[in-house]
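The structure appears below as structure tokens.
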Amino acid sequence: MFAGPLDESIIMRARKAGLLELKIHQLRDWTHDRHKTVDDRPFGGGPGMLMKPEPLFAAVESLRREQSKVILLSPTGRKFNQAIASELAAQSDLLLVTGHYEGFDERVRESLADDELSIGDYVLTNGALPAMVVIDAVTRLLPGVLGDDESSRDESFSHGLLEYPQYTRPAVFRGLKVPDVLVSGNHAQIEQWRREQAKSRTRASRPDLLKPD
Ligand code: 4HQ
């Protein structure tokens, strides 16, 4: 699953520039049985399979370094956001652990992971896409990955409001006009309009962003 998304565009550019080093590992390489078993049935019964602890412990213990942060991707983790992306971008080594099946043996969570992150309240088939979401959000925050233009204009979640509406040419498209203020050349007025729009738009679609946590 990782081939493709991580081999394109800005992430690939960062890798080629030596700003980001990615290594993908196969958990089955740390199994010893013929079937390379990484899952098993839950004690106490019930549906579904769990990631068994031995291959995960062996893999993480062989891959982790002193400075590594070991992060499980799972819907029971704390909700990933831009602030967490910034924290992770300051780390020198992340070990993202993705599981299939219904989840992890609890001892993985208790004794192996430093943190557990969820990318949102929905259930996916496995943690590969969540890991790639984290990698993408973190990579673009690494020094040198984005040009000045791209990075100074990313503020959506950093200043706590949604972006104001934006338009490019043509000034009229299928009868739909760009707001007059934006073509007025009055920069003080444009700035005020954008501030108001950012606020009303946030109030309308993401009122949670305006509340203190
Ligand atoms: N899964 N945010 C179940 C997720 C998920 C999410 C990954 C599916 C872990 C065991 N991970 N496996 N949402 O739905 O991170």
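Heavy-atom basis, side chains included; hydrogens, waters and symmetry copies ignored. Both counts, for ligands and for their atoms, begin at 1 and track the order of listing. All residue numbers refer to positions in the sequence shown, counting from 1. Everything quoted here is computed from the prediction, not taken from an experiment.
Here the rule is side chain to side chain donor-acceptor pair (under 3.5 Å) with Glu196, and of Arg194, Gln192, Lys199 only Gln192 fits it.
The single protein non-hydrogen atom nearest to atom 14 (O) of ligand 1 is Leu124 N, 2.9 Å, given as residue, atom name and distance. With hydrogens left out, the protein atom closest to atom 15 (O) of ligand 1 is Ser74 N, 3.4 Å, a heavy atom. Here the protein heavy atom with the shortest distance to atom 12 (N) of ligand 1 is Gly99 O, 3.7 Å. For atom 9 (C) of ligand 1, the nearest protein heavy atom (residue, atom name, distance) is Leu73 O, 3.5 Å. Nearest to atom 2 (N) of ligand 1 among the protein's heavy atoms is Ile119 N, 3.0 Å. Shortest contact from atom 1 (N) of ligand 1 to any protein heavy atom: Pro75 CD, 3.7 Å. Protein heavy atom at the shortest distance from atom 10 (C) of ligand 1 is Tyr101 O, 3.5 Å.
Below 4.0 Å from some heavy atom of Tyr122 lie the following atoms of ligand 1, by number and element: 13 (N), 14 (O). Set against the non-hydrogen atoms of Gly103, the atoms of ligand 1 under 4.0 Å away are 10 (C). Proximity to Gly120 (heavy-atom distance under 4.0 Å) selects the following atoms of ligand 1: 13 (N). The ligand atoms of ligand 1 that sit less than 4.0 angstrom from a heavy atom of Val123 are 14 (O). Within the listing of ligand 1, atoms 10 (C) sit less than 4.0 angstrom from a heavy atom of His100.
Across Ala128, Gly127, Gly48, Ser118, heavy-atom proximity to atom 7 (C) of ligand 1 is greatest for Gly127.
Within the 4.5 Å cutoff, the side chain of Leu117 has heavy atoms near those of the Arg78 side chain. Annotation: side chain of Met1 is in contact with side chain of Met132 (closest heavy-atom distance under 4.5 Å). Within the 4.5 Å cutoff, the side chain of Val181 has no heavy atoms near those of the Asn186 side chain. The shortest side-chain heavy-atom distance between Val38 and Thr31 falls under the 4.5 Å cut-off.
Proximity of Asn126 to ligand 1, defined as any heavy-atom pair under 4.0 Å, is confined to the backbone N, CA, C and O atoms.
No donor-acceptor pair under 3.5 Å is formed between the side chain of Arg140 and the backbone N or O of Val145. Between the side chain of Arg109 and the backbone N or O of Leu72, no donor-acceptor pair lies under 3.5 Å.
No path of Ile, Leu, Val, Met, Phe, Trp and Tyr side chains, each step under 4.5 Å between heavy atoms, connects Leu141 with Met12, placing them in separate hydrophobic clusters.
Using a 4.0 angstrom heavy-atom cutoff, Met51 does not count as in contact with ligand 1.
Residue Ser200 holds its OG atom at 10.0 Å from CG of Leu162, rounded to the nearest 0.5 Å. With rounding to the nearest 0.5 Å, the separation of CG in Leu182 from CD in Gln189 is 10.5 Å.
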